[in-house]
Protein chains: 4
Amino acid sequence: MLSTDQPVTSRNAEKYDAILEEAIRVFAEVGFRNTDVQVIADKAGVGKGTVYRYFGNKEDLFWAACFSVMERLGNHVTRAVQGNHGALQTLRMAGMAYAEFFENNPHYLDVFVQDRAEFRGAAPDSHKQFQQEILQVFALVIERGIAEGEIRPVDAHKTITAMASMFYGTVNFACYVKDRYRLSELAEHGLNLFLAGIRQDRSDAVKDSDQ
Amino acid sequence: MLSTDQPVTSRNAEKYDAILEEAIRVFAEVGFRNTDVQVIADKAGVGKGTVYRYFGNKEDLFWAACFSVMERLGNHVTRAVQGNHGALQTLRMAGMAYAEFFENNPHYLDVFVQDRAEFRGAAPDSHKQFQQEILQVFALVIERGIAEGEIRPVDAHKTITAMASMFYGTVNFACYVKDRYRLSELAEHGLNLFLAGIRQDRSDAVKDSDQ
Amino acid sequence: MLSTDQPVTSRNAEKYDAILEEAIRVFAEVGFRNTDVQVIADKAGVGKGTVYRYFGNKEDLFWAACFSVMERLGNHVTRAVQGNHGALQTLRMAGMAYAEFFENNPHYLDVFVQDRAEFRGAAPDSHKQFQQEILQVFALVIERGIAEGEIRPVDAHKTITAMASMFYGTVNFACYVKDRYRLSELAEHGLNLFLAGIRQDRSDAVKDSDQ
Amino acid sequence: MLSTDQPVTSRNAEKYDAILEEAIRVFAEVGFRNTDVQVIADKAGVGKGTVYRYFGNKEDLFWAACFSVMERLGNHVTRAVQGNHGALQTLRMAGMAYAEFFENNPHYLDVFVQDRAEFRGAAPDSHKQFQQEILQVFALVIERGIAEGEIRPVDAHKTITAMASMFYGTVNFACYVKDRYRLSELAEHGLNLFLAGIRQDRSDAVKDSDQ
DNA sequence: AATGAATGAGCATTCATTCAT
DNA sequence: TATGAATGAATGCTCATTCAT
């Protein structure tokens with residue numbers, strides 16, 4: 001499951017996890033550049049040298065943190081859409097799960113923000129691949145929806161990308177309007193409008209769109 | 001037009017502008033934390049002390065850069081929607097102008113990203129106010145569209161916030177899928193779906209939605 | 001009266017005095033190294049360039065401040081011993097005047113302290129000369145006292161130097177014991193003991209020595 | 001013996017001492033404000049980071065240097081008065097030891113001067129306490145001298161403070177008259193006069209007063 | 001003569017990384 | 001294998017001095 005291949009002969013999984021967990025927390029809290037590796041080591045209860053032995057360098061530690069968060073997000077969303085549902089319903093559940101994930105774990109979001117800011121999408125291939133796999137899963141959901149007549153005939157992949165962008169934007173933008181809207185509130189509203197836009201039959205669109 | 005009032009007795013507008021311009025460029029290029037003020041000074045052709053005389057400190061310089069980009073974005077979008085158009089058409093023009101702005105000036109986007117990452121939306125009030133004013137303008141457009149029967153009866157402010165979030169997300173997310181889609185392509189697709197979701201009459205929705 | 005000879009063609013005495021006055025105050029308050037010439041200029045109500053036109057550079061300004069304080073001290077002590085008094089009485093009056101001068105104007109003392117710390121007695125000759133002249137005056141007082149049988153036959157110049165050292169030390173050391181003794185209290189006690197040590201006739205020494 | 005407790009997990013005593021030694025030298029040589037910590041690090045043969053690891057910051061390093069000098073002075077004087085001597089003799093030995101200490105190590109004096117100039121007696125409590133302890137030791141010597149009839153009945157603590165002030169002043173003032181007197185010469189003269197002023201029986205005073 | 005805008009050398013402090021133990 | 005002491009490159013900011021106006 002782990003993508004990085006350190007020249008490490010033996011590993012203590014507990015220490016590894018502890019470091020990773022604290023890394024996520026600290027990177028999120030103070031940002032990549034402001035993070036002092038010593039702090040992570042201290043919080044994880046290991047020596048600084050151990051952090052370097054396990055993760056190579058600060059940047060790779062950050063990537064590992066990112067990847068871990070991405071996995072957790074993937075797992076969370078995947079679990080949320082378990083079961084047989086219509087395509088639209090699946091998309092709705094996925095979207096809300098995505099928003100909840102970040103609403104409940106704001107520091108996870110901050111890791112992504114750091115990633116975007118510091119490395120402009122220059123993530124390791126493993127990350128991109130993981131991301132693409134997730135998108136692909138839901139592109140298939142859209143195609144199924146189209147096939148079943150629930151969704152208008154749209155470019156499935158482009159549409160799921162647009163939807164992902166919207167959610168990505170919502171969770172990020174929410175901090176600017178947090179005095180007025182909760183994240184999940186904003187996410188749901190956007191979701192309603194977006195789904196209304198792709199559904200085949202508009203007659204039932206009104207009911208889940210507020211007002 | 002400028003909101004910051006430094007304790008500067010007199011200003012040379014050319015130097016001020018040169019510094020600001022290079023600050024935007026450098027902050028965008030290497031990020032806030034990685035930016036060496038000396039580099040900005042050098043590129044602007046002034047002494048480092050002059051940068052500090054004009055902008056106080058690195059953080060304030062960054063805020064000035066952010067604000068300037070925000071103004072430019074505001075001006076660009078405002079100019080794009082000049083003239084009498086239907087509400088939906090106005091929203092479309094605004095959205096596309098927004099996307100174009102960042103597609104043509106990728107470094108402007110990076111300034112915003114830095115802002116989000118380093119300061120988590122803790123911008124000066126002047127920035128937030130400016131942002132709110134822009135949102136308000138387009139909330140009114142939506143209300144007009146509702147009044148004219150072009151747009152479904154939705155919460156105008158929440159809807160424009162959701163739309164802004166979507167665009168914010170699109171321009172930010174684009175870097176992750178740039179191998180597959182151009183920013184404007186993604187923006188247009190999202191825009192079509194979103195507008196389809198809010199338009200009153202779906203019969204004409206198909207025409208501007210792809211396929 | 002002024003010792004420094006600047007290449008200044010014309011001078012405005014009021015500005016000159018204002019700068020000097022503020023220089024004494026600021027140097028005393030924050031120390032030579034911590035003094036920002038701009039602050040002196042601002043407080044004196046002149047441009048920074050003017051300070052440099054009048055005093056050449058920061059160090060010379062400092063020397064001028066020192067010299068001015070030295071003059072004031074000299075004047076104060078000289079005035080205090082006006083009139084015909086016995087030698088011991090004259091020394092006593094001078095000593096107490098010296099202590100009072102610094103007790104009433106603590107910032108004057110700080111200028112001397114800065115001088116000692118920053119330049120280790122490397123004052124311009126004009127300063128040393130002034131200092132020697134003062135010492136000489138009181139060396140003569142001691143010689144008079146010896147001649148008149150009031151003072152034991154001691155090396156007059158060495159003795160006045162020792163006495164000056166004692167007072168220099170007292171006003172400087174006082175800050176370390178200020179919780180326990182006032183400066184003038186400490187000065188008087190030292191003075192009593194010292195004078196007792198040089199007076200010819202010890203029978204009258206007891207009266208001015210405490211207890 | 002050392003009072004400062006840095007947040008340092010382990011110390012290399014040699015490096016610690018080397019840094020402290022060079023700090024004393026450099027602070028004395030160029031003054032606190034003019035001291036570049038890099039220079040101390042270089043002279044001590046350690047990295048700059050090591051200086052900070054051991055002493056926290058420049059100011060604390062300075063205090064450690066001051067305290068160390070104070071300890072050395074205390075040790076030197078204490079050693080000098082070992083053995084059974086009369087009170088006056090003990091005071092004389094202490095005074096001369098004090099003067100010798102600074103005459104032989106002029107840079108030690110400069111550290112104290114810096115302290116006085118930069119921090120106006122705002123030393124850490126540990127320093128003040130150390131100082132008071134020393135004064136107290138000699139206040140007891142004076143009281144013993146009074147009890148044994150060697151010294152006139154004076155306020156012992158005030159008198160030792162005055163004597164300390166005199167010596168403090170002498171070692172500091174000496175630089176201004178170094179062309180004429182050596183420090184120890186001046187100190188001895190002052191000492192003679194001072195002791196003459198406090199001794200009970202003047203008949204034997206003449207012998208140790210010069211001329 | 002008077003000014004104050006412009007400059008850049010200078011310095012305290014931090015922290016990623018290494019490597020001896 | 002694990003550690004943390006040691007390092008030195010990197011950088012924000014200040015301020016004495018100059019000089020064009």
Side-chain angles (χ1 to χ4, degrees), chain A residues 8-12 15 32-42 45-61, chain B residues 8-12 15-16 19 32-42 45-61, chain C residues 8-12 15 32-42 45-61, chain D residues 8-12 15-16 19 32-42 45-61:
Chain A
V8 169
T9 29
S10 88
R11 268 189 198 138
N12 175 324
K15 288 191 180 179
F32 178 77
R33 286 290 149 180
N34 292 312
T35 292
D36 182 344
V37 174
Q38 182 69 65
V39 171
I40 294 175
D42 290 347
V46 302
K48 199 198 276 201
T50 305
V51 175
Y52 278 85
R53 245 180 57 73
Y54 278 54
F55 292 92
N57 61 39
K58 190 182 177 185
E59 194 169 318
D60 284 351
L61 173 57
Chain B
V8 169
T9 8
S10 91
R11 269 187 198 144
N12 177 322
K15 289 191 180 180
Y16 184 93
I19 294 168
F32 179 78
R33 287 289 151 182
N34 292 310
T35 292
D36 180 345
V37 175
Q38 183 68 65
V39 171
I40 295 176
D42 290 347
V46 302
K48 198 199 283 202
T50 305
V51 175
Y52 279 88
R53 250 181 56 72
Y54 276 57
F55 293 92
N57 60 43
K58 189 183 175 184
E59 193 169 320
D60 283 352
L61 173 58
Chain C
V8 169
T9 31
S10 90
R11 268 188 197 140
N12 175 324
K15 289 191 179 178
F32 178 76
R33 285 291 148 182
N34 292 312
T35 292
D36 182 344
V37 174
Q38 183 68 65
V39 171
I40 294 175
D42 289 348
V46 302
K48 199 199 275 201
T50 305
V51 175
Y52 277 86
R53 246 182 55 75
Y54 277 55
F55 292 91
N57 60 40
K58 190 182 175 184
E59 194 170 317
D60 285 351
L61 173 58
Chain D
V8 168
T9 8
S10 91
R11 270 188 197 142
N12 176 324
K15 288 192 180 179
Y16 184 92
I19 294 169
F32 178 77
R33 288 291 151 182
N34 292 310
T35 292
D36 181 344
V37 175
Q38 182 68 64
V39 171
I40 294 175
D42 290 347
V46 302
K48 200 198 281 202
T50 304
V51 175
Y52 279 87
R53 249 180 58 72
Y54 277 58
F55 293 92
N57 60 41
K58 189 183 175 183
E59 192 169 321
D60 284 352
L61 173 57

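When reading the values below, keep in mind they use all heavy atoms of this one structure, side chains included, and skip hydrogens, waters and symmetry mates. Owing to the predicted nature of the structure, the values given are computational and were not obtained by experimental measurement.
Distance, B/Glu59 CD to F/dC13 C1': 14 Å, rounded to whole Å. For the pair A/Arg33 CZ and E/dC15 P, the computed distance is 12 Å after rounding to whole Å. Separating the CD1 atom of B/Ile40 from the P atom of F/dT11 is a distance of 12 Å, rounded to the nearest angstrom. Here F/dT17 presents its C1' atom at 17 Å from CZ of C/Phe55, a figure rounded to the nearest Å. Remark: C1' of F/dC15 and CG of C/Asn57 are 14 Å apart, rounded to the nearest angstrom. Whole-Å rounding puts the B/Asp42 CG to F/dT11 C1' distance at 13 Å. Taking atom CG of residue B/Asp60 and atom C1' of nucleotide F/dG12, one finds them 13 Å apart after rounding to whole Å.
Residue-to-nucleotide proximity on DNA chain F shows that, of B/Val37 and D/Gly45, the 5′-proximal contact is made by D/Gly45. Of the residues near DNA chain F, B/Asn34 and A/Gly47, the one whose nearest nucleotide (by heavy atom distance) lies more toward the 5' end is A/Gly47. Between D/Gly49 and D/Phe32, the residue whose closest nucleotide on DNA chain E is further toward the 5' end is D/Phe32. Along DNA chain E, the nucleotide nearest D/Thr35 and the nucleotide nearest C/Gln38 are compared for position; the residue whose nucleotide lies closer to the 5' end is C/Gln38.
Taking only side-chain atoms of A/Thr50, from C-beta outward, the nucleotide of F/dA2, F/dA6, E/dT18 with the closest atom is F/dA2. Taking only side-chain atoms of C/Tyr52, from C-beta outward, the nucleotide of F/dG8, F/dA16, E/dA5 with the closest atom is F/dA16. Out of F/dA2, E/dG4, F/dG12, the shortest distance to the side chain of C/Lys48 is found at E/dG4. When distances are taken from the side chain of D/Asp36 to each of F/dA5, E/dC11, E/dT3, the shortest belongs to E/dC11.
Atom OH of B/Tyr16 sits about 14.0 Å away from atom OG1 of B/Thr50, to the nearest 0.5 Å. C/Lys58 contributes atom NZ, which lies 5.0 Å from atom CZ of C/Phe32 (distance to the nearest 0.5 angstrom). Between B/Lys15 atom NZ and B/Ile19 atom CD1 the span is 8.0 Å, to the nearest 0.5 Å.
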Both distances under 3.5 Å, Watson-Crick or G-U wobble: on that basis, could you give the dot-bracket string for DNA chain E, with [ ] for crossing pairs and | for other-strand partners?
-> .||||||||||||||||||||

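At the phosphate of F/dT3, neither OP1 nor OP2 sits under 4.0 Å from any side-chain N or O atom of A/Arg53. Checking the phosphate oxygens (OP1, OP2) of E/dA6, a side-chain nitrogen or oxygen of B/Tyr54 falls inside 4.0 Å. Contact annotation: B/Lys15 reaches the phosphate of E/dA6 (side-chain N/O to OP1 or OP2, under 4.0 Å).
A pairwise comparison of heavy atoms in C/Tyr52 and C/Asn57 identifies CE2-CA, 3.8 Å as the closest pair.
Here the side chain of B/Tyr54 pairs no donor or acceptor atom with the backbone of B/Leu61 at under 3.5 angstrom.
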